[in-house]
Structure formats: structure tokens, C-alpha cells
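Beneath this line is the structure, given in C-alpha cells, with notes to follow.
No hydrogens, no waters, no symmetry mates; every other heavy atom, side chains included, goes into these values. Keep in mind the model is a prediction, meaning the values are calculated, not measured.
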Amino acid sequence: MQLRAGSGGLLLLAVTVGAGAAGFAILFRFLIKTFTLLLAGHPDYAAVPGASHPGLEGLGRWFLLGTPVIAGLLYGPLVHFFAREARGHGVPEVMYAVARRGGRIAPQVAGVKALASALCIGGGGSVGREGPIVQIGSALGSTCGQLLRLPEPRLRVLVASGAAGGIAATFNAPLAGVFFAMELILSDFAAQSFGMVVIAAVTASAIGRAALGDAPFLHLPTFTVAHPIEYLYFAVLGVLAGAVGVIFTRILYAIEDLCDALWRGPEWLRPAVGGLALGLLLVAVPEMYGVGYPVLGHAIFGRYALGFLVVLLIAKMVATSLTIGIGGSGGVFAPSLFVGAMLGSAFGVVANDLTPATAGAVGVYGLLGMGAVFAGAARAPITAVIIMFELTGEYGIILPLMTAIVLAAGVSHWLSADTIYTLKLRRRGVDLGVRETIASASRSLGELMAAVPEALPHDASLVEASHALAASRYGVLPVSDRSGGYAGVVTARAVSEAISDGRHDTSPVDLVIELPVAVRVTDPLDVGIQALDRSGCGAIPVLSGTGTDAVGWFDYQIALDALSGAGTTAAGSPASVG
């Protein structure tokens with residue numbers, strides 16, 4: 001009882017979660033190194049881009065075609081069958097769990113995310129470590145709280161504590177872990193929450209330093225500002241970085257949409273098949289392999305020419321977007337730092353060419369670009385300032401950082417209403433910036449649902465079913481049984497798989513999928529949103545009170561309208577049918 005209600009109990013739980021997050025962070029880094037060594041033949045392939053695999057010398061760099069495919073064959077089924085929340089960059093899922101699900105995250109997410117992300121990064125996925133470790137630590141905190149049946153406010157604090165502990169341990173950056181959790185996960189700086197998150201981060205950082213050492217994960221040049229006029233350059237860089245952060249976000253989701261449009265096979269196979277495209281990119285630009293910190297360091301130290309910096313900047317945005325688009329698992333924080341380093345270093349090269357007497361070192365701009373692009377993409381200026389301060393250990397970086405980062409966040413806000421994290425949720429019909437009103441939260445699905453689209457007959461041919469599904473809005477339709485009643489739903493993907501496998505005599509009834517959660521007319525809006533999110537479909541049926549008949553249709557547009565206060569028309573609105 002003391003653990004559930006007392007301050008001392010919450011303190012003990014925060015320490016426990018921090019220690020657990022540190023353990024997972026250590027294991028996660030070990031897994032990444034192990035899988036990279038197995039698949040690429042080197043502990044960090046980005047440090048030796050273009051080198052051949054020691055066991056496949058005759059192939060040269062062409063072995064890179066196969067590494068993402070092999071990794072995808074392993075983590076694709078793992079994610080699809082055991083924890084679909086582990087797909088993607090992880091942070092939006094944690095933000096959603098805290099804001100809409102009271103901090104509840106499935107227990108298996110921690111293990112699946114660790115394995116899947118380590119395989120993805122080790123196999124060449126151009127993503128980062130922070131998204132996975134945030135989701136891993138958060139899942140650990142959530143599981144601990146759910147086992148003890150903690151009330152939701154305390155459960156949210158443990159989720160944030162796990163996120164902070166994971167970042168603190170894996171990056172040796174306790175302050176960054178704290179402010180990342182408070183600014184992005186909780187969006188709240190309440191005194192008790194802050195104290196518990198700090199305790200978890202300190203615990204995790206102490207364990208991480210004991211196991212991994214006290215050296216920063218990046219060795220960066222000393223920061224100096226020689227001329228006051230450099231602040232003008234910093235301001236210009238901040239404006240450019242804000243725009244680049246938004247462009248990165250748009251490219252990420254544009255490529256994800258393209259991958260969704262092109263892929264018609266089973267989801268578990270998508271990472272392997274898409275890995276061929278990623279492999280081709282790695283052959284062309286092997287610097288994109290994995291997280292890429294060695295390449296980032298070379299750029300900061302001015303070892304690349306202007307043209308190559310631009311190539312690396314564009315290639316990283318495409319490689320990260322492609323990795324996420326094909327179903328990979330990894331973060332976007334490190335890629336945003338990478339893009340920022342390339343942008344800042346390129347800006348520094350140009351500034352030195354134009355005004356060599358006053359521009360300052362190229363590395364200065366690379367450092368500022370790292371924080372500014374992250375601030376432009378994630379719109380988390382406090383976290384951006386803190387983490388760059390921890391990376392450098394130089395107090396002199398604060399004023400230039402504040403100049404570039406605040407301008408980057410402001411430009412990003414002016415150009416886009418969403419961040420790289422919240423846009424993923426908005427596309428699912430979830431707007432974390434709009435708090436549900438009492439009236440909206442209490443409305444039932446029976447009040448919000450649209451009319452059920454015409455069901456596919458049980459004896460329809462697959463060709464007829466494919467035509468009907470192609471004309472539907474979300475590629476999902478109900479199916480009737482032999483008596484004309486509701487049998488379930490079938491998706492365009494299931495039908496296309498059956499056709500491609502030559503099973504032309506299959507009935508739509510045989511292809512009915514089992515939805516993880518069935519909703520009824522009496523269920524509230526938040527239950528419908530959770531069920532829709534877990535379904536993997538763009539729309540789901542609303543069942544009668546007895547749960548036997550489909551009497552309505554609920555989709556992302558209805559959810560978004562309800563959350564934004566616009567509401568929806570009565571059942572039967574043609575806008576949401578299909």
C-alpha cells in the first residue's frame with residue numbers, strides 16, 4: 001500500500017525503474033554492437049564506410065545489399081506478431097500512452113523493441129538509439145506500475161522516469177534525459193514529477209557510467225566565439241535549421257506514405273523486401289549505415305568538402321525515412337543531430353569562404369546545427385540546449401545555442417503545426433494539442449459512428465472483393481456470413497495476398513481478420529480510438545450492444561473531428577463510409 005500511495009514508495013519505484021532502464025540500455029547497446037559485428041563485420045560500420053565484410057571479401061561493399069534484408073527477415077515477424085507498437089521511432093507511441101491511455105504500455109514492448117531496433121540498426125537501418133531506449137524504458141516503468149496497480153498520475157511519472165533513465169544511461173546525459181521526459185513525454189514540470197524523474201535519471205546514469213564509462217558518446221571540438229558578428233551567422237543558421245527540421249519531417253512521412261502505397265504484401269515481410277531499396281542506398285552512400293556517429297564527428301571536425309556534406313544531409317533524410325517507411329524500428333533524434341551537423345558544417349564552410357576573418361571554425365556551426373535541427377523537428381528547445389551543453393561541457397555554448405535553437409523552434413512553429421513526433425499521431429486522428437472536453441470524452445461511439453458500408457457477400461469472388469475494397473476509403477469492408485449476418489472484416493491486403501498466392505477460390509469469409517479489440521455502441525470515444533489504433537486498419541466496425549451485429553463504422557476522420565470539437569454528423573454520414 002505504501003508503494004502505491006506514499007512519496008517514499010514512489011521514490012523507491014523511480015530508483016527501481018531507473019536501474020532497470022540502465023540495464024536495458026546496456027543490453028541494447030551490446031545488442032547493437034553484436035548485430036553490427038555479425039552483419040557488417042565491424043563494430044561500427046560507419047567508421048569504415050565502404051569496407052568489405054571480413055568474411056565476404058570478394059563482394060566488396062556489395063554485401064550491403066543483403067544486410068538490411070537479413071535483418072528485416074528477423075525483426076519483421078518479431079514486431080508484427082508480438083508487439084506492433086515497436087515499429088517506427090517509438091516516442092509518439094509513448095506520448096500517446098501517457099496522454100490518452102493513462103501511461104499503460106504493453107509489457108512485451110520492452111523486449112521486442114530492444115531486439116527489433118538492435119537488429120534494424122545492426123543491419124544498416126539509418127536510425128537512432130534514443131527512440132527505442134525511450135520506449136523500452138517507458139514500457140519498463142509502465143509494466144512496473146501496472147503490476148502494482150498504481151493510479152494513472154503515478155503510472156505516468158514512472159513512464160517518464162523510464163524514458164529519462166534510458167536516455168541518461170545510453171547517452172551519458174542525465175540532464176538531457178530529464179528534460180526530454182518532462183518536455184516531450186509529460187509536457188509538465190510539476191515539482192513531484194520532476195523530482196522522481198531526476199532520481200531515475202541519476203540512478204540510471206550512475207549505473208551506465210559504471211558499466212560503459214564516463215566518456216561522452218561523441219568527442220567534439222572545443223567551442224569558442226571569436227567575434228560578436230558570429231551571432232548574426234548563428235541566427236541565420238537557426239532560421240535555416242528550423243526550415244530543414246520541418247523538411248525532414250515532411251520527407252519522413254512522404255516516404256512512409258509512398259511505402260504504404262507501394263506495398264501490398266504481408267506486413268511481416270515488408271522490412272525484408274524494402275531492405276533491398278535500403279541496401280542499394282547503402283551501397284551508394286555507405287556512410288548511412290546505422291546511427292552514423294563517426295561520420296557526424298568527421299563533419300564537425302571539418303573533414304568533408306561542401307558538396308559531400310550536402311550529399312550526406314540529403315542521403316540521411318532519405319535513408320532514415322526509408323528505414324522507417326519499410327517498417328524499421330529506430331529513433332529520429334540521432335538522425336536529426338546528423339542532419340544538423342551536415343547543415344551546420346556546410347553553412348560554416350560557406351561562411352568561411354565568404355568572410356574568413358570573422359566566420360569562426362566550421363565545427364562551431366556544426367554543433368549549433370545539431371541542436372537547432374533537432375529543435376526544428378521536435379520543437380523541444382529546452383532539451384536541445386541541455387543535450388548540446390552536456391555533449392560539449394562548454395558553458396560558452398549556451399548563448400549561441402539559445403540564439404540558434406529558439407529561432408529554429410520559432411521558424412518550425414511558423415511553418416508547421418506539428419512536430420516530427422506529433423504528426424505521426426495526428427495522421428492517426430490523435431491531436432495531443434487538443435484536450436478532450438468533458439462532452440467529447442463522454443460521447444459514445446453510437447453518437448459518433450457513420451453508417452456501415454455495404455458488406456461483401458460470403459460467396460463473392462476475390463476479384464469482386466478486390467474491386468469493392470479498392471473503391472472503399474480505407475481498404476477495409478465488413479463481410480456477411482451465409483445467413484446475411486455480420487461475420488467480420490476483410491482488408492485489401494488480405495485479398496491481394498490470397499490472389500498473389502493463387503488461392504482464387506477462397507471466400508472473403510475465410511479471409512476475415514480478428515481485430516485485437518471489438519468496440520460497441522456504448523463504448524466511449526477514447527476506447528474507440530485505442531481500438532482503432534491497435535487494429536492496424538483505417539476503420540473498424542461498431543458492434544451492437546450484444547456484440548453480434550455491425551451497426552456503425554468508426555474511422556480516423558471521425559476521431560479527429562470529435563477530438564477537435566468539430567463533431568460528426570449522425571450515423572450515416574457519407575463522408576466516412578468505407
Value rounded to 0.5 Å, distance of CD in Glu464 from CG in Asp459: 8.0 Å
Take Ile105 and Leu140 through the test side chain to side chain contact (heavy atoms under 4.5 Å, CB included) and record every step on the way to the result. CA-CA 9 Å; Ile105 301 173; Leu140 180 65; over 6 Å; no
Answer yes when Lys424 and Glu93 have at least one side-chain N-carboxylate O distance shorter than 4.0 Å, and no when they do not. yes
Are Arg520 and Leu445 side-chain neighbours, meaning at least one heavy-atom pair lies under 4.5 Å? no
Looking at side-chain heavy atoms only, is the closest gap between Ile499 and Val495 below 4.5 Å? yes
Side chains of Leu115 and Tyr75 in contact at under 4.5 Å (non-hydrogen atoms): no
Chi angles and distances behind the side chain to side chain contact (heavy atoms under 4.5 Å, CB included) call for Val519, Phe554: CA-CA 10 Å; Val519 295; Phe554 183 67; 5.7 Å; no
Can you tell me how far OG of Ser472 sits from CG of Leu477, rounded to the nearest 0.5 angstrom? 4.5 Å
Closest approach of Ala550 and Tyr486, non-hydrogen atoms and distance? CB-CD1, 3.5 Å
Hey, is the main chain of Val463 close enough, under 3.5 Å, to the side chain of Ser466 for a donor-acceptor pair? yes
Surrounding CZ of Phe82 (heavy atoms of other residues, nucleotides or ligands, distance under 6.0 Å), is the total greater than 12? no
Smallest separation among heavy atoms of Thr67 and Leu39, with atom names: CG2-O, 3.1 Å
Looking at every heavy atom in both Gly330 and Ser117, which two are closest together, and how far apart are they? N-OG, 4.1 Å
Mark yes or no for whether Arg84, through its side chain, and His80, through its backbone, hold a donor-acceptor pair below 3.5 Å. yes
I need the minimum non-hydrogen distance between Gly128 and Val291, along with the two atoms involved. CA-CG2, 4.3 Å
Is there side-chain contact between Val452 and Pro478, with at least one heavy-atom pair below 4.5 Å? yes
Is it true that a side-chain atom of Thr323 and a backbone atom of Gly125 form a donor plus acceptor pair closer than 3.5 Å? no
Decide side chain to side chain contact (heavy atoms under 4.5 Å, CB included) for Leu269 and Trp263; before the verdict, give the C-alpha distance in whole Å, the side-chain angles of both, and the deciding distance to 0.1 Å. CA-CA 10 Å; Leu269 190 58; Trp263 181 247; 4.2 Å; yes
Whether the side chain of Thr170 engages the backbone of Ile167 through a donor-acceptor N/O pair (distance < 3.5 Å, no angle test) should be reported. no
Spatial distance of atom CD1 (Ile326) from atom CZ (Arg270) [nearest 0.5 Å]: 8.5 Å
Side chain of Asp549, backbone of Val551: donor and acceptor closer than 3.5 Å? no
Show your reasoning for whether side chain to side chain contact (heavy atoms under 4.5 Å, CB included) applies to Val521 and Leu543. CA-CA 6 Å; Val521 290; Leu543 305 183; over 6 Å; no
Are side-chain heavy atoms of Pro68 and Leu282 found at a separation under 4.5 Å? yes
Quick one: OG on Ser329 to CD1 on Ile324, what's the gap to the nearest 0.5 Å? 7.5 Å
Test item: Glu183 side-chain N/O and Thr383 main-chain N/O as donor-acceptor pair under 3.5 Å: yes
Counting only N and O atoms by type, is there a donor-acceptor contact under 3.5 Å from the side chain of Arg264 to the main-chain atoms of Ser496? no
Atom pair CZ (Phe374) and CZ (Arg379), whose distance is rounded to the nearest 0.5 Å: 12.0 Å
For residues Ile121 and Phe35, determine if any side-chain heavy atom of one lies less than 4.5 Å from a side-chain heavy atom of the other. no
Minimum heavy-atom separation for Val91 to Gly131, with atom names? CG2-CA, 4.0 Å
Specify whether Tyr421 and Phe180 have parallel, tilted or perpendicular ring planes, treating 30° as the upper limit for parallel and 60° as the lower limit for perpendicular. perpendicular
Rounded to the nearest 0.5 Å, how far does CG of Leu456 lie from OG of Ser507? 9.5 Å
Student check: side-chain heavy atoms of Trp553 and Val476 closer than 4.5 Å: yes
Please name the pair of heavy atoms, one in Thr320 and one in Ser126, separated by the smallest distance, quoted to 0.1 Å. OG1-O, 2.7 Å
Donor-acceptor pair, distance only, cut-off 3.5 Å: does the side chain of Thr143 make one with the backbone of Ala139? yes
Main chain of Ala83, side chain of Gln108: is a donor-acceptor contact present, judged purely on distance under 3.5 Å? no
With no hydrogens and no angle check, is any side-chain donor or acceptor of Ser138 less than 3.5 Å from a backbone partner on Gly162? no
If you measure from the Lys or Arg side-chain nitrogens to the Asp or Glu carboxylate oxygens, is any gap between Asp260 and Arg493 under 4.0 Å? no
Is there side-chain contact between Val489 and Pro541, with heavy atoms separated by less than 4.5 Å? yes
